[in-house]
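When reading the values below, keep in mind they use all heavy atoms of this one structure, side chains included, and skip hydrogens, waters and symmetry mates. Small disclaimer: the values here were computed from a predicted structure and weren't measured. We number each residue from 1, following the sequence as shown.
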Amino acid sequence: MRATKCLRAFGIPAISKLPNSPNPTLAYLYRRFLANRFLQAVTPGRFLEIGVGRGRFFEDLTKRGFHGLCLDLNPELIAEHQRGEVLQSQAVEFRAQNFFAIEERFDLIVAFEVLEHYQQDLACLRKWLELLQPGGSLIFSVPAHMRQWTKNDTRAGHARRYEKKDLLEKLETCGFQTNLFWCYGFPILNLTYPLSVGLSRSTTTESQVQGSGDTRMADFHKTASSGSRLFPGFSGWLFSEQLWFPWLHSQRLLLDRDLGTGYLVKCSAKGC
């Protein structure tokens, strides 16, 4: 409530309360805060969120009038969401499914921390373009700068971290027009990310993962089991919107500088 009043006092549109996630990270707060800025110019329609994990961005979408589909490779996480209250509105469907198997089209595609898991990331981008309605928007994030590679990246099954020039060229090659390109997290995430290496763990066995694998990925089973961390109750208290509000807001001054730990991108099909 206090954060909302501060936003209004500075003439900034209020956004929905951030994490209801049971296991948030500081990077999750940063991405979700900024992604809500991207949504302000997107007309509500049918959305697809790829790799929903334990995130709750779909709540922000439904509050803005969107309805749609959330995918994840981990059936246990999908089952958690299916038991959630959001199903009472029937605005969101959850499936343990690979997005390459989807044939529908969507007005908005959201994919936070997905692309870096694919050795064949161009195939991934082309599939996303195929899934977009004409005039639709893609909002996605990836980790930035190979110099910031840690054991977290290896444990999560990442194929790479991205450089700005390389990512822009890949989007151009695959037929996307980049509308907004932000580098977020500096300086706080640059300082805290290396400290989070010991707070990750894999809790999903191969038998719990949906499907036998995807050869386009760097490591299918690491990807499907990524996102689980130690001390979820502690992280839920520590990484709250109210506690980090000043830093979430102040980062907007540095988004055009290539200094942070991640990229957040909004794009559309060329010619749309």
Side-chain angles (χ1 to χ4, degrees), residues 4 13-115 117 124 127-128 131-133 136-142 180 184 210 223-224 226-229 232 235-236 239-241 248 262 264-268:
T4 300
I15 61 174
S16 58
K17 185 178 178 181
L18 287 178
N20 291 317
S21 169
N23 199 7
T25 65
L26 187 54
Y28 169 84
L29 280 188
Y30 271 61
R31 286 193 299 270
R32 190 168 173 181
F33 181 85
L34 293 174
N36 270 279
R37 305 286 300 176
F38 283 178
L39 287 180
Q40 292 175 10
V42 180
T43 302
R46 181 161 170 78
F47 77 88
L48 170 67
E49 183 174 1
I50 300 167
V52 62
R54 285 193 167 90
R56 310 290 292 188
F57 190 64
F58 57 82
E59 291 184 345
D60 300 339
L61 292 170
T62 57
K63 288 175 183 177
R64 291 176 180 270
F66 287 89
H67 62 282
L69 172 63
C70 290
L71 304 180
D72 201 274
L73 296 173
N74 187 331
E76 288 192 340
L77 296 182
I78 290 298
E80 287 182 18
H81 287 301
Q82 288 173 337
R83 293 190 292 267
E85 295 180 1
V86 72
L87 285 189
Q88 294 178 7
S89 67
Q90 298 182 337
V92 183
E93 179 186 0
F94 297 93
R95 298 182 198 165
Q97 188 175 12
N98 191 319
F99 68 86
F100 277 97
I102 299 295
E103 299 296 335
E104 308 166 52
R105 285 200 164 198
F106 301 86
D107 303 293
L108 171 67
I109 296 175
V110 177
F112 296 139
E113 308 301 282
V114 172
L115 190 64
H117 291 272
C124 184
K127 179 61 178 181
W128 292 355
L131 293 172
L132 270 184
Q133 292 277 16
S137 297
L138 166 65
I139 296 175
F140 72 97
S141 69
V142 292
L180 289 168
Y184 69 91
Q210 182 74 17
T223 295
S226 64
S228 296
R229 287 166 292 279
S235 65
F239 302 128
S240 66
E241 176 193 7
L248 295 174
L264 189 66
V265 185
K266 179 183 177 184
C267 52
S268 56

Spacing of [X] atom [atom1] and [Y] atom [atom2] [to the nearest 0.5 Å]:
X: Leu61; Y: His67; atom1: CG; atom2: NE2; result: 11.5 Å
X: Leu48; Y: Cys70; atom1: CG; atom2: SG; result: 8.0 Å
X: Asn36; Y: Lys63; atom1: CG; atom2: NZ; result: 9.5 Å
X: Trp128; Y: Leu115; atom1: CH2; atom2: CG; result: 4.5 Å
X: Arg54; Y: Leu77; atom1: CZ; atom2: CG; result: 5.0 Å
X: Phe66; Y: Asp107; atom1: CZ; atom2: CG; result: 8.0 Å

Nearest heavy-atom pair of [X] and [Y]: which atoms, and what distance?
X: Ser137; Y: Leu132; answer: O-CD2, 3.4 Å
X: Lys266; Y: Ile139; answer: CG-CG1, 4.1 Å
X: Cys124; Y: Phe99; answer: SG-CZ, 3.4 Å
X: Glu49; Y: Phe58; answer: OE1-N, 3.8 Å
X: Tyr28; Y: Phe57; answer: OH-N, 4.3 Å
X: Ile50; Y: Val114; answer: O-CG2, 3.4 Å

Please list, chain by chain and in numerical order, all residues satisfying side-chain hydrogen bond (donor to acceptor under 3.5 Å, both in side chains) with [X], sequence neighbours excluded.
X: Arg105; result: none
X: Ser141; result: Glu113
X: Lys127; result: Glu130

TODO: Please confirm whether the backbone N or O of Arg56 pairs with a side-chain atom of Arg32, one donor and one acceptor, at under 3.5 Å?
DONE: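 At least one qualifying donor-acceptor pair exists.
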Task: Polar side-chain atom of His81 near backbone of Glu93 as donor-acceptor pair, under 3.5 Å - done: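 Pair absent, no side-chain N/O of His81 close to backbone of Glu93.
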Open item on the list: According to salt bridge (charged side-chain N to carboxylate O under 4.0 Å, His left out), who are the partners of Glu104, at least two apart in sequence or on a separate chain?
Closed with: Arg46, Arg95
Task: Within-4.5 Å side-chain heavy-atom neighbours: Phe47 and Val92 - done: yes
Task: Any residue meeting ring pair (Phe, Tyr, Trp, His ring centres under 6.0 Å) with Tyr184, in chain and number order, not counting sequence neighbours - done: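 Applying ring pair (Phe, Tyr, Trp, His ring centres under 6.0 Å) to Tyr184 gives none.
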Open item on the list: Run Ile109 and Phe140 through side-chain contact (heavy atoms from CB on, under 4.5 Å) and show every step you take.
Closed with: CA-CA 8 Å; Ile109 296 175; Phe140 72 97; over 6 Å; no
TODO: For side-chain contact (heavy atoms from CB on, under 4.5 Å), just list the numbers for Leu108 and Leu39, CA-CA rounded to whole Å, side-chain angles, deciding distance to a tenth of an Å, and then say yes or no.
DONE: CA-CA 10 Å; Leu108 171 67; Leu39 287 180; 3.9 Å; yes
TODO: Return the set of residues passing side chain to side chain contact (heavy atoms under 4.5 Å, CB included) with Ile78 (not counting sequence neighbours), or none when no residue passes.
DONE: Val52, Asp72, Gln82, Phe94, Ala96
